[in-house]
J.: 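I have a structure here, written as C-alpha cells, and I will follow up with some questions on it.
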Amino acid sequence: MPEASSPATSADVGAKVAPRVLSGIQPTADSFHLGNYLGALRQWVAMQDTHDAFYCVVDLHAITVEHDPATLRRRTKVAVAQLLAMGLDPDRATVFVQSHVPEHAELAWVLGCLTGFGEAGRMTQFKDKSSKQGTSGTTVGLFTYPILQAADILLYTPEPGEGERVLRVPVGEDQRQHLELTRTLAQRFNHRFGETFVLPEAHIPSGAAKITDLQEPDAKMSKSASSPQGIIDVLEEPGPMRKKIMRAVTDTGTEVVYDEEKKAGVTNLLRIYSALEGTPIPDLERRYEGSGYGQFKKDLAQIVVDTFTPIRERTLKLLDDEAHLDRLLAHGAERASRVAERTMETVRERVGFVGRGH
C-alpha cells in the first residue's frame, strides 16, 4: 500500500462539495466479524468515494470496562490494519485512532456539562448493563459513554463554506437513541452559545445486511454474546470458516428458501450469500431448488473463504510493517486534528474560556 498523501486542507475539503460522514468502531476483539463487515464496514469503503469520510477506531470507548493495556494496544493496531485491508484508502478517507485526537475528550467534558443526569441515565445501554451489574459494578465512563459519542460526532461538524454542510452518521437501531442525544446536545449548545454545530443525520447505508448468529439465528452475531461456532471472524483461517458454515443451524427440511419465521437459519445464510456475491435472494432460491442444503452450504463456504482470505493476507502484511502502519495513523491523526482543533477553538471561545495567546 502506498504512503498516504498529505492531509487535505480545509479548502480542499470545501472543493469536494461532499457531505461529511463520521463513524467509529471499537477495538474490543482480535478480529472484526462477518456481521461487522456486511452490516457496516463494507459500506464504509463505498462511502469514501461519495463523502468526506472520517473513520476512527474508538479506543477511549473500549476502556469503559476492565481491560489489559497491552491487549488494547494490539487490538487497536489490528483494527486499523483490517480497515485498510478491507479497502479504506488514507488518500480518500481520514482513518485515525480516537485517542490520538485529545479534543474528543475535551468536547465530551463541555457537552457533559450540558447534559442532565436523567438524560444520561435513560440511555438504554447504561440501563441494561447497570441493571445486570448494579450501579456499584458500572463505571462512570459507561454512564457518560453516549456523551463522548456525541463529542466524537460533533467534533467533525463541517464549517460554513465546506461544500455541502451535512454531517451523516451510519447507525443501527441500537444507536439511534445515542444519535438523538447528540442532536439534542448540539441544539442546546447552539441555543446557549450561538450557532456552532450542524445537527447530524442518521444514515442507513444501502446494502447493509442484518447478519445473525450461525448457531442461534434469532440472535444478532455478536462478539459479546455469540458462541465461537456462531460467529465468523474476518481473520480466521479457511478451515474453521468452512466448518462453521457447514455446521450452521438450518432446520429439518431441505428446501433453500427465504422464510424468516420458519427457516431463520437458512434465511440468514441466504442473506450472507446474497450480500457477498451480489445475487438477489430469489435467484439463489431458484439456483438451489431441489438440491438440498449440502451443496448450498459448500458453495457459500467457498464464497466466504474467497472474500476474507485476501483481507486476512493484507492485514497480516500491514501488521508486519508496523512503522508503515504508524505513519499511516500519523497522517490520519494530523488530518482529523486539523478539523477537531478548529472546532474546539470555536467551542472554547463561545463557552468563555480564555485563549492561550501566541
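Since we're looking at a predicted model, the values are computed, not measured.
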J.: Begin with the C-alpha distance, continue with both residues' side-chain angles, and end with the deciding distance and a verdict on salt bridge (Lys or Arg N to Asp or Glu O under 4.0 Å) for R73 and D59.
T.: CA-CA 9 Å; R73 194 170 295 113; D59 53 342; over 6 Å; no
J.: Is there a donor-acceptor pair closer than 3.5 Å between any side-chain N or O of H51 and the backbone N or O of A53?
T.: no
J.: Taking the side chain as every heavy atom from C-beta outward, state whether I232 and I245 have any pair of such atoms under 4.5 Å apart.
T.: yes
J.: Between K317 and D320, is there a side-chain N and carboxylate O pair less than 4.0 Å apart?
T.: no
J.: Can you tell if the side chain of T157 reaches within under 4.5 Å of the side chain of T196, non-hydrogen atoms only?
T.: no
J.: Using the rule given for side-chain hydrogen bond (donor to acceptor under 3.5 Å, both in side chains), can you reason through E277 versus T279, listing the C-alpha separation, both sets of side-chain angles and the distance that settles it, and then say yes or no?
T.: CA-CA 5 Å; E277 191 181 72; T279 302; 2.5 Å; yes
J.: Tell me if a side-chain donor or acceptor on S337 pairs with a main-chain N or O of A333 at a distance below 3.5 Å.
T.: yes
J.: Are the side chain of Q98 and the backbone N or O of C56 linked by a donor-acceptor pair below 3.5 Å?
T.: no
J.: At their closest point, which heavy atom of F197 faces which heavy atom of A186, and how far apart are they?
T.: CB-CB, 4.0 Å
J.: Please report the closest heavy-atom contact between G116 and E119, naming both atoms and the distance.
T.: N-OE1, 2.8 Å
J.: Please examine the side chains of L284 and S274, heavy atoms only from C-beta on, and report whether any two atoms are closer than 4.5 Å.
T.: yes
J.: Search all heavy atoms of P27 against all heavy atoms of T76 and return the closest pair with its distance.
T.: CG-OG1, 3.6 Å
J.: Can you tell me which residue pairs pass the salt bridge (Lys or Arg N to Asp or Glu O under 4.0 Å) test with a partner in residues 250-273, sequence neighbours excluded?
T.: D251-K263, E260-R271
J.: Is it the case that the side chain of E285 and the backbone of Y258 share a donor-acceptor pair, with hydrogens and angles ignored and the cut-off at 3.5 Å?
T.: yes
J.: Below 30° counts as parallel, above 60° as perpendicular, anything between as tilted: where do the rings of Y37 and F308 land?
T.: perpendicular
J.: Give, for atom CE of M86 and atom CZ of R42, the distance between the pair rounded to the nearest 0.5 Å.
T.: 11.0 Å
J.: How far does CG of N268 sit from CG of L214, to the nearest 0.5 angstrom?
T.: 6.5 Å
J.: Look only at the side chain of Q82 and the backbone of V234, and say whether a donor-acceptor pair between them is shorter than 3.5 Å.
T.: no
J.: Is the side chain of Y55 donor-acceptor paired with the backbone N or O of A93 at a distance under 3.5 Å, no angle test?
T.: no
J.: Could you see if L83 belongs to whatever hydrophobic cluster contains V80? Use Ile, Leu, Val, Met, Phe, Trp, Tyr and a side-chain cutoff under 4.5 Å.
T.: yes
J.: Can you hop from I303 to M241 via hydrophobic side chains spaced under 4.5 Å?
T.: yes
J.: Are any of the side-chain heavy atoms of P90 and V95 separated by less than 4.5 Å?
T.: no
J.: Please tell me if the side chains of R286 and D283 come closer than 4.5 Å, counting only heavy atoms from C-beta onward.
T.: yes
J.: D52 and salt bridge (charged side-chain N to carboxylate O under 4.0 Å, His left out): which partner among R168, R92, R335?
T.: R335
J.: For H100, check ring pair (Phe, Tyr, Trp, His ring centres under 6.0 Å) against everything at least two apart and list the hits.
T.: none
J.: From L199 CG over to R165 CZ, what is the distance, rounded to the nearest 0.5 angstrom?
T.: 10.0 Å
J.: Output yes when a side-chain donor or acceptor of D152 lies under 3.5 Å from a complementary backbone atom of H104, and no otherwise.
T.: no
J.: So, taking the atom named CD1 in I272 and the one named NZ in K210, what distance separates them when rounded to the nearest 0.5 Å?
T.: 13.0 Å
J.: Tell me whether D233 contacts the main-chain N or O of L235 through its side chain, where contact means a donor paired with an acceptor under 3.5 Å.
T.: no
J.: Where do Y273 and D299 come nearest, in terms of heavy atoms and distance?
T.: OH-CB, 3.6 Å
J.: In the structure I gave you, are the side-chain heavy atoms of V339 and R20 within less than 4.5 Å of one another anywhere?
T.: yes
J.: Going through the checks in order, is the side-chain contact (heavy atoms from CB on, under 4.5 Å) test met by L325 and L84?
T.: CA-CA 10 Å; L325 188 60; L84 297 173; 3.8 Å; yes
J.: Hey, mind stepping through L34 and I231 against side-chain contact (heavy atoms from CB on, under 4.5 Å) and telling me if it holds?
T.: CA-CA 7 Å; L34 176 65; I231 192 167; over 6 Å; no
J.: Without swapping roles, check the side chain of T64 against the backbone of G141 for a donor-acceptor pair under 3.5 Å.
T.: no
J.: Please report the closest heavy-atom contact between A85 and L318, naming both atoms and the distance.
T.: N-CD1, 4.0 Å
J.: If you apply the rule side-chain contact (heavy atoms from CB on, under 4.5 Å), what do you find for V256 with L269, and how did you get there?
T.: CA-CA 9 Å; V256 180; L269 296 180; over 6 Å; no
J.: What's the spacing between L328 CG and D91 CG if we round to 0.5 Å?
T.: 9.0 Å
J.: Does V266 reach the side chain of V257, with side-chain heavy atoms less than 4.5 Å apart?
T.: no
J.: Would Q48 and D89 satisfy side-chain hydrogen bond (donor to acceptor under 3.5 Å, both in side chains), going step by step from the backbone distance to the final call?
T.: CA-CA 8 Å; Q48 70 185 342; D89 181 353; 5.9 Å; no
J.: Enumerate the salt bridge (Lys or Arg N to Asp or Glu O under 4.0 Å) contacts for residues 238-249, please, sequence neighbours excluded, ordered by first and then second residue.
T.: E236-K244
J.: Same cluster for V110 and L181 if Ile/Leu/Val/Met/Phe/Trp/Tyr side chains link at under 4.5 Å?
T.: yes
J.: Report the relative orientation of the aromatic rings in Y288 and F296; use parallel for angles under 30°, tilted for 30 to 60°, perpendicular for over 60°.
T.: perpendicular
J.: Side-chain heavy atoms nearer than 4.5 Å, only ILVMFWY residues, links allowed to pass through others: does that put V58 and L41 together?
T.: no
J.: Determine yes or no for a side-chain-to-main-chain donor-acceptor pair under 3.5 angstrom, with T139 supplying the side chain and L142 the backbone.
T.: yes
J.: Looking at D30 and R75, is any side-chain nitrogen of the basic one under 4.0 Å from a carboxylate oxygen of the acidic one?
T.: yes
J.: How far does OG1 of T343 sit from CD of E159, to the nearest 0.5 angstrom?
T.: 6.0 Å
J.: Consider only side-chain heavy atoms of I, L, V, M, F, W and Y, link residues closer than 4.5 Å, and tell whether V45 and V78 are in one cluster.
T.: yes
J.: Could you tell me whether the side chain of L154 reaches within less than 4.5 Å of the side chain of F189, counting heavy atoms only?
T.: no
J.: Ignoring hydrogens, what is the shortest heavy-atom contact between V198 and L167? Give both atom names and the distance.
T.: CG1-N, 4.2 Å
J.: Apply side-chain contact (heavy atoms from CB on, under 4.5 Å) to residues R327 and H324 and explain how you reach the verdict.
T.: CA-CA 5 Å; R327 287 194 295 272; H324 177 59; 3.6 Å; yes
